[in-house]
2 protein chains.
Amino acid sequence: MGRDVEVPETVVRRLPIYVRALAQLEAEGIKTISSLELGRFIGVTAAQIRKDLSYFGEFGKQGRGYEVSHLLREVRRILGLTRVWPMVVVGAGRLGQAIASYDGFKPRGFEVVAVFDNDPAKIGQPVGHLVVRDVDELPAIVRALGVKIGIVAVPAAEAQKVANLMVDAGIRAVLNYAPTALHVPEGIRLEDVDPVAILQSMTYYLVSSGDHDPVVAEPSGAAAAGGDSAPEL
Amino acid sequence: MGRDVEVPETVVRRLPIYVRALAQLEAEGIKTISSLELGRFIGVTAAQIRKDLSYFGEFGKQGRGYEVSHLLREVRRILGLTRVWPMVVVGAGRLGQAIASYDGFKPRGFEVVAVFDNDPAKIGQPVGHLVVRDVDELPAIVRALGVKIGIVAVPAAEAQKVANLMVDAGIRAVLNYAPTALHVPEGIRLEDVDPVAILQSMTYYLVSSGDHDPVVAEPSGAAAAGGDSAPEL
DNA sequence: GGATGTGAAAGTGTTCACAGCC
DNA sequence: GGCTGTGAACACTTTCACATCC
């Protein structure tokens, strides 16, 4: 079995999908599943699932498949999901508020423990069951609570500054919602969430698949033609 | 130059990043850029940028680099971003509302033209400058407006049903925010947005990078600044 | 001189196919 | 019989390195 071999990043990115699927299957009362069935459920090949898991050990039984709750427990353990990870959010605009009050984190291993902004009008306002704090307090709180994960939810123009602040405070993983490229030091994890970028790649296939549809809307005004610039929250 | 060769999907997924970066550079007044500089800005290699672009044509000038606004226009055209794409959102909960009233779509080529739900309490409520409609009206509206893109923002349990409805109505690209695996027919584009899955893959590196976390503060790269203050919150 | 565009090489990731085990 | 775990084959992606052109 594949110990000692470096685990490809792409494998690590698939593990949460397995967790999601296995949790659903467990909730449906399914006790056992083969790589073929799990693959069909998720939309990947059976070989890929077996290969992915082989990087971490042997979790199945030949002739039988995998015990759902066992495999779920194991993959969660591999990902470090046996605890709840505290996170901080910077940016208390619409997006930051939505993130801070999102109730889908807790059941999957995460919890927003503080929301920050630098706008005096927002500081002190309630968001979910938290209160917006001055971003100046971030370093103290991150250190005090040992927070390792930060979420950037400010406009593009301020995002790098916020990321720097987070890293200096001890944050080790940054989830960036701002539509701009951030730079972090070696060793700090950085991932972008940019649904618009995903949409933009999908339109490539819409236009190139011969579906020359009735044009509904043209870029409205001269401004739109040039505008991909710094969107707001 | 690389005409006729099938364009790798991974290249198409990077194009929006180029658009984002080029728009920022243009806004900053930068007229010309080399693949090396653009690569540094985005965080990819110069060779990758040149190779990616070579699938679509020749956009640079040897010895000089790329003209920012020209390249931006070209990449937008390749992606089909010379028009505004109408989209429908299903699910008018917190997430659906946030999506429907997000003002970052318009400047990047998209517009939510309708929001649907099946909850009578939500139907008729205003969301942004729209009003929540009964999901039963979706097929008629999608057909009438020629909408090709649908956003799923309902709970996992209802997501597949919604996706089916969308596809039957003529939707060709589905952006799924529900944390569950969806299945769509061949030829329909499907992409997931699952920030929690991204977080879960980041924790893998947090636990396995020898940072055996003491629930309290750690010396981050620099010296352990400041005394340990009492946990707030 | 300087930077592109691109075949070829190197590196990664996925699929195959089957020995081995339940 | 059925299904896992895995080396080997294959496919895909990135990087190299250089001929080419401004």
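Reminder, nothing fancy here: chain letters follow the sequence lines and each chain counts from 1.
- Residue-level contact check: B:Arg14 touches the backbone only, with heavy atoms under 4.0 Å from sugar-phosphate atoms and none from bases.
- A:Ser35 has no side-chain polar atom (N or O) that falls below the 4.0 Å cut-off from OP1 or OP2 of D:dC3.
- We find that A:Asp52 and A:Arg13 are not joined by a salt bridge, their nearest charged nitrogen and carboxylate oxygen being 4.0 Å or further apart.
- Protein atom CZ of B:Phe59 is 13 Å distant from nucleotide atom C1' of C:dT4, rounded to whole Å.
- A donor-acceptor pair under 3.5 Å links the side-chain atoms of A:Asp194 to the main chain of A:Val196, judged by distance alone.
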Let me have the donor-acceptor pairs involving side chains of residues 155-170 of chain B, under 3.5 Å, with sequence neighbours excluded, atom names and distances please.
| unit_1 | atom_1 | unit_2 | atom_2 | d |
| --- | --- | --- | --- | --- |
| B:Gln160 | OE1 | B:His183 | N | 2.9 |
| B:Gln160 | NE2 | B:Asn164 | OD1 | 2.8 |
| B:Gln160 | NE2 | B:His183 | O | 2.9 |
| B:Asn164 | ND2 | B:Gln160 | O | 3.4 |

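- One interatomic measurement links the two molecules: CG of B:Leu71 to P of C:dG5, which rounds to 9 Å at whole-angstrom precision.
- In this entry the distance linking CD1 of A:Ile33 with C1' of D:dT4 reads 14 Å, nearest Å.
- Distance CG (B:Asp52) to P (D:dC12): 17 Å, rounded to an integer number of Å.
- For the pair B:Glu9 CD and D:dC12 C1', the interatomic distance rounds to 12 Å; values are reported in whole Å.
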Which side-chain N or O atoms in residues 71-79 of chain A pair as donor and acceptor under 3.5 Å with protein atoms at least two apart or in another chain?
| unit_1 | atom_1 | unit_2 | atom_2 | d |
| --- | --- | --- | --- | --- |
| A:Glu74 | OE1 | A:Arg77 | NE | 3.4 |
| A:Glu74 | OE1 | A:Arg77 | NH2 | 2.5 |

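- A donor-acceptor distance shorter than 3.5 angstrom exists from the side chain of B:Trp85 to the backbone of B:Gly80, with no hydrogens or angles considered.
- Following rounding to the nearest Å, A:Glu6 (CD) and C:dG11 (P) show an atom-to-atom distance of 16 Å.
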Worksheet, complete the sentence: In B/S/- notation (B base, S sugar-phosphate only, - none; protein heavy atoms under 4.0 Å), nucleotides 15-22 of chain D written 5' to 3' is BBB--BBB

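- When distances run from any side-chain atom of B:Tyr66 to the nucleotides C:dT6, D:dG5, C:dT4, the shortest one goes to C:dT4.
- Computed from coordinates, the B:Leu53 CG to D:dT14 P distance equals 13 Å when rounded to whole Å.
- No side-chain donor-acceptor contact under 3.5 Å links A:Arg50 and A:Ser54.
- The listed nucleotides are C:dG13, C:dT6, C:dA3; the one nearest the side chain of B:Glu58 is C:dT6.
- At least one donor-acceptor pair under 3.5 Å links the side chain of B:Arg94 to the backbone N or O of A:Ser101.
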